[in-house]
Amino acid sequence: MFQCRVSGESTHVAPNKDGLSFVGVALVTLRGLTSNRAGCQVGQTVIHEIEGTDVTDTASVSSGATSLDHIIIRFAGDSGDGMQLTGDRFTSASAMFGNDLATLPDFPAEIRAPAGTLAGVSAFQVQISDHDITTPGDAPSILVCMNPAALASELHRLEDGGTIIANEDTFDERNLAKAGYLDGVNPLADGSLDNYTLIKVPMTTITKRACADLGVKPRDADRSKNFFALGLVSWMYSRPVDTTLDWIKAKFAKNELVVAANTAAFKAGHAFGETAELSGHRAEIRSASLEPGTYTNINGNTALSWGLVAGSQLSGIPMFLGSYPITPASDILHELSTKKHFGIRTLQAEDEIAAVSAAVGASFGGHIGVTTTSGPGVALKGEAIGLALSLELPLVVIDIQRGGPSTGLPTKTEAADLMMAMYGRHGESPMPIVAAYSSAQCFDAAIEAVRIALKYRTPVMLLSDGYLANGTEPWKLPDVASLPSIEIEFATAPNAKNDDGEDVFWPYLRDPVTLARPWAIPGTPGLEHRVGGIEKQDGTGNISYDPDNHAHMVQIRADKVAVIADDIPLTMVDGPDDADLLVLGWGSTWGAITSAVRRARAAGHSVTHAHLTHLNPFPKDLGDVLRRYPKVIVPEMNLGQLTKLVRAEFLVDAQPVAKVKGQPFTAAEVFDVIEGALQ
Amino acid sequence: MSDITVPETTKADWTSDQEPRWCPGCGDYSILTAVQTLMPELGVRRENTVFISGIGCAARFPYYMDTYGMHSIHGRAPAVSTGLAVARPDLDVWVIGGDGDMLSIGGNHLIHALRRNVNIKILLFNNQIYGLTKGQYSPTSEQGKITKSTPVGSLDMPFNPISLALGAEATFVARTHDMDRKHMQEMFRRAHAHQGAAIVEIYQNCNVFNDGAFHKITKRDNRDAMLINLSHGEPIRFGIDNERGLAMSTSGSIEIVDVDDVGEAGLLVHDEAAPDPAVAFAISRLATAPTMPTPVGVFRSVERPEYAAEVNRQVAEVTAAKGAGNLEDLLRSQPTWEVS
Ligand code: SF4
């Protein structure tokens, strides 16, 4: 077992080896350490010493670094402290290094809540590992706190004995009061953190000094302190340096002073680790043995955007996006607005209703209409989605779910729009539902939504959520040739005869297998026709108020969604048929369930995990799968919506496991539920 | 856009096989006939013509045109049309709707389509009443109107659709009425020729719920005295003997004057192409109800880049600069690393 080195106060005045003019007084206080605890054990990890190697410029391994199989770090600070950027950079460096990883950005809805308050705390959690992981981890083992509010708000998440790296410069009376500490209380000084490893670093002071000779104003230098933190943590976990320095150069190219300040701060942080006797805290996480291939680190909204582009390219149908900015979906609009060279037209509409209506208009014209939003937007779009359903035109509606109802928790995740996706329109108005289950898998889910919409001429709901949208993971790039082909043909000729024996076009004469109607687009001579939201006669498409015809059309629209079951994969099942328990999931719970089920098996339990990528229709075998197991539990980020659907559909005694806290399930929570269910 | 290769057509070619279902005597019939008889003159193809409507009596219109058409949902026709026009700038897109559809539930879409200057031709059937829902007051009904929903009189200040359109940065704004086919057709022809969003307000008689709302100005015998024809570049005159005219007061408002009093030179010369819509707006304020002398014709017709063309220009320019998109390249557009 590795022993942490306990030092009292040590003072260094150190020119660093990169030749920076950093002269700092590094005050490091390591408190409350007892042997082989505090800061040395990380999660469930077995820690072992490795041989030291030479320090290199990319800082891979340094003497005395511990080798860990994973580490969970949480960066927390004020909204203005750049924590998302810091976390993102740390993640990118780790990705380039070859770790498997998963991230969880966690930020407030306000762009800048009052500085220093609990409401303004912005956090970013990342798990990096040397093996395949599926979640950003449960309790972090390292908590970086840029101010007292970050400590106050995030400490409860830190694992017992975890490490706190605090910017002690900010722990003054004013900030402590804003964070809610009582008069005279300073957690950095009162022993209340004795059960953790506390590393106090005067980040602001050192950053300002490092920037002093660069001509950067002290106030501007203050803004670079997140790069100090990044530099320090990068040193602690032996992250590559060059990728970040190159990135700083490129990102801030327009302002040389900012490049200089951020670079100096980063290097100062790195040097601080090196010189301040933090070597006892140094660890290394080897690259993961991922499947061979080319990888990129991707978040859900980017993957989803690219999936939409791919859907358009694979089908040869141009794409039109109508969208209205809304958290957490806006990034898809941003991303697709840069894809004009793929023939994608984007419209930032005047409101949610215009956004979907314009998409319906584009679909009528032969494009694939797409609209992106979150729950409140779906609520507004309901009538227009019903129109697309009645017109039987392709449309992809993307709901990046967030906490509801009403404005709810705009920046926090939830998956409580399933019933709205199923039933949130008037009348009998079924539509297919596809749900993404991981950030990278949003790519495939988007292609699938486009495929179903085009092939079956129907609106499709694609569900993602805030967690998938902003979280990232390494993604092995698919071989483009292996992507599904989507073959769509427009109608070009009449398809019926009228009473006089003349050739005519009937817009609702269906394909016998898919039940899809022909898609005749304006500009096609001889196929002029009218469609509308009023009930129409099957076949001719003429307005019809005939009772039997309406009954027939309601049934046809239901059948049209039902037949898609023949065209989608069977339920994704991982585990034996005779397990004692089935954990059924949909959407972003996949990561936590997968990880929890692995732990449960390691603990000797017989558990199977089934996960749904299609929620309407369900896979054909879902009833059989559910009935195979004596117990079925359904972890959901809602109060049991999928549970209700499967109970109603299959009469199985599925039990809901609800979490509606604006945070994804942790694997530990699911694991506990599994153990509970098996008792 | 006239195309000499377009086959000759007649009204019958533009008439679908569906029986119109408006009340007998409804002004909608004369508007339909005006459009159906105008289309053969426009040099356009049926397959490239689309009529999009929302909900309301007027919104049945697309079913009666033998073109492509969509009867969409209440208020959303300008938004649906915007998507279609952007996706397919090669089409002629007409938008049909009433005062409730376009100014109440769909008011937001109307003003945004106008400011964007999307190439759609909006025919606003203004009958100052809700017809399809059987006679409630509309956003253009006069204050104090007694209807089923306002038994002691409506309280709402009505919209003036011309003023609204001018305020919404519209590039083409005109008014006509359902009793004068020639005038309607002239306005529709001008709207069609305009590059950008064009709105034509049509005073339309709902003979069931608001009969005669416009008769004081639109009946043949009243027209000379009550309709003020706006004609580009000409002094604005009207009256049975053309004895009256419009002049601008010192306060900037428009007033009716006797030509004898001010002389021809004292009259306002209509300039539909004026870059500043201020005078057109002032003219639109002259009549507060269709019971007083009311301007008709083209209030404003100015050139401004058309939205769909601009969207497609950006697509073409970015494609020319970057080359047509390639999926392989897209997937590698962020930093990547190799695992072997
Ligand atoms: S209610 Fe009025 S507007 Fe509607 S069809 Fe009848 S007459 Fe025409």
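Proteins come first, then strands; the chains are lettered A, B, ... in the order of their sequence lines, and each starts at number 1.
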**Asked** How many angstroms lie between CG in Leu483(A) and CG in Leu331(B), if you round to the nearest 0.5 Å?
**Response** 7.5 Å
**Complete:** If one checks every heavy atom of Pro478(A) against chain B at 4.5 Å, the contacting part turns out to be both
**Residue selection (most heavy-atom pairs with chain B, distance under 4.5 Å) from Ala303(A), Gly532(A), Ala355(A)** = Gly532(A)
**Message:** Tell me if a side-chain donor or acceptor on His341(A) pairs with a main-chain N or O of Lys322(B) at a distance below 3.5 Å.
**Reply:** no
**Prompt:** Non-hydrogen atoms of chain B under 4.5 Å away: do they reach the side chain of Ile298(A), the backbone, both or neither?
**Reply:** both
**Proximal component of Ser72(B), with respect to chain A [non-hydrogen, under 4.5 Å]** = both
**Message:** Between Arg45(B) and Glu528(A), is the salt bridge (charged side-chain N to carboxylate O under 4.0 Å, His left out) condition met? List the steps.
**Reply:** CA-CA 11 Å; Arg45(B) 294 171 183 272; Glu528(A) 294 84 2; over 6 Å; no
**Request:** Could you pull out the closest heavy-atom pair between Ala95(A) and Trp337(B), with the gap in Å?
**Result:** O-CE2, 3.0 Å
**Request:** To the nearest 0.5 Å, tell me how far Glu338(B) CD sits from Leu290(A) CG.
**Result:** 12.5 Å
**Best-contacting candidate, Asp66(B), Val50(B), Thr49(B), Ile52(B), against chain A by heavy atom pairs under 4.5 angstrom** = Asp66(B)
**Asked** What's the spacing between Tyr68(B) OH and Ile521(A) CD1 if we round to 0.5 Å?
**Response** 8.0 Å
**Item:** Part of Pro318(A) lying under 4.5 Å from any heavy atom of chain B
**Value:** neither
**Over all atoms of both residues, closest heavy-atom pair of Gly523(A) and Asn48(B)** = CA-OD1, 3.3 Å
**Asked** Looking at Pro292(A), Ser92(A), Ser357(A), Ala349(A), which one has more heavy-atom pairs under 4.5 Å with chain B than the rest?
**Response** Ser357(A)
**Contact winner vs chain B - Gly386(A), Gly369(A), Ala358(A), heavy-atom pairs under 4.5 Å** = Ala358(A)
**Message:** Do Glu350(A) and Thr82(B) have side chains that approach each other closer than 4.5 Å (heavy atoms only, starting at C-beta)?
**Reply:** no
**Message:** Counting only non-hydrogen atoms closer than 4.5 Å, does Val311(B) touch chain A with its backbone (N, CA, C, O), its side chain (CB onward), both, or neither?
**Reply:** side chain
**Complete:** If one checks every heavy atom of Phe51(B) against chain A at 4.5 Å, the contacting part turns out to be neither
**Fill in**
When the 4.5 angstrom heavy-atom criterion is applied to Tyr295(A) and chain B, the contacting part is both
**Contact winner vs chain B - Ala362(A), Ser289(A), Gly98(A), Gly343(A), heavy-atom pairs under 4.5 Å** = Ala362(A)
**Asked** Which bit of Gln314(B) is near chain A, if near means a heavy-atom gap under 4.5 Å: side chain, backbone, both or neither?
**Response** both
**Request:** Go through Met96(A), Met319(A), Gln313(A) and name the one with the most non-hydrogen pairs under 4.5 angstrom from chain B.
**Result:** Met96(A)
**Message:** Quick check on the interface: out of Val309(A), Val360(A), Ile543(A), who has the most heavy-atom pairs with chain B under 4.5 Å?
**Reply:** Ile543(A)
**Request:** Identify which part of Lys339(A) has an atom lying under 4.5 Å from any heavy atom of chain B, answering side chain, backbone, both or neither.
**Result:** side chain
**Prompt:** Where do His367(A) and Ala87(B) come nearest, in terms of heavy atoms and distance?
**Reply:** NE2-O, 3.2 Å
**Prompt:** Nearest heavy-atom pair of Leu330(B) and Trp306(A): which atoms, and what distance?
**Reply:** O-CH2, 3.4 Å
**Request:** Check whether any side-chain heavy atom of Glu328(B) sits under 4.5 Å from a side-chain heavy atom of Leu477(A), and report yes or no.
**Result:** no
**Request:** Compare every heavy atom of Thr67(B) with every heavy atom of Arg530(A), then report the nearest pair and how far apart it is.
**Result:** NH1-O, 2.7 Å
**Complete:** In short, Leu327(B) meets Phe342(A) closest at the heavy-atom pair N-CE2, 4.0 Å
**Prompt:** Could you go step by step and tell me if Phe364(A) and Val80(B) meet the side-chain contact (heavy atoms from CB on, under 4.5 Å) rule?
**Reply:** CA-CA 9 Å; Phe364(A) 185 64; Val80(B) 172; over 6 Å; no
**Request:** Tell me, for Ala354(A) versus chain B, whether the close heavy atoms (under 4.5 Å) come from the side chain, the backbone, both or neither.
**Result:** both
**Side chain to side chain, Val531(A) and Met70(B), heavy atoms closer than 4.5 Å** = yes
**Request:** Rounded to the nearest 0.5 Å, what's the gap from CG on Asp17(B) to CG on Asp499(A)? Could you check?
**Result:** 10.0 Å
**Message:** Counting only non-hydrogen atoms closer than 4.5 Å, does Val86(B) touch chain A with its backbone (N, CA, C, O), its side chain (CB onward), both, or neither?
**Reply:** both
**Message:** Tell me if a side-chain donor or acceptor on Arg88(B) pairs with a main-chain N or O of Gly365(A) at a distance below 3.5 Å.
**Reply:** yes
**Message:** Can you tell me which portion of Asn498(A) sits under 4.5 Å from chain B's heavy atoms? Options are side chain, backbone, both or neither.
**Reply:** neither
**Message:** A quick test of your reading: do over 12 heavy atoms of other residues, nucleotides or ligands sit less than 6.0 Å from NZ of Lys251(A)?
**Reply:** no
**Request:** Just do the side-chain contact (heavy atoms from CB on, under 4.5 Å) check on Ile353(A) and His109(B) with the steps written out, would you?
**Result:** CA-CA 9 Å; Ile353(A) 300 175; His109(B) 309 309; 4.1 Å; yes
**Request:** Verify the neighbour count for atom OH of Tyr324(A): are there more than 12 heavy atoms of other residues, nucleotides or ligands below 6.0 Å?
**Result:** no
**Fill in**
Counting heavy-atom pairs under 4.5 Å with chain A, the top scorer among Ile111(B), Val318(B), Asn326(B), Leu84(B) is Leu84(B)
**Item:** side-chain hydrogen bond (donor to acceptor under 3.5 Å, both in side chains), paired with Gln334(B), selected from Thr302(A), Asn299(A), Thr296(A)
**Value:** Thr296(A)
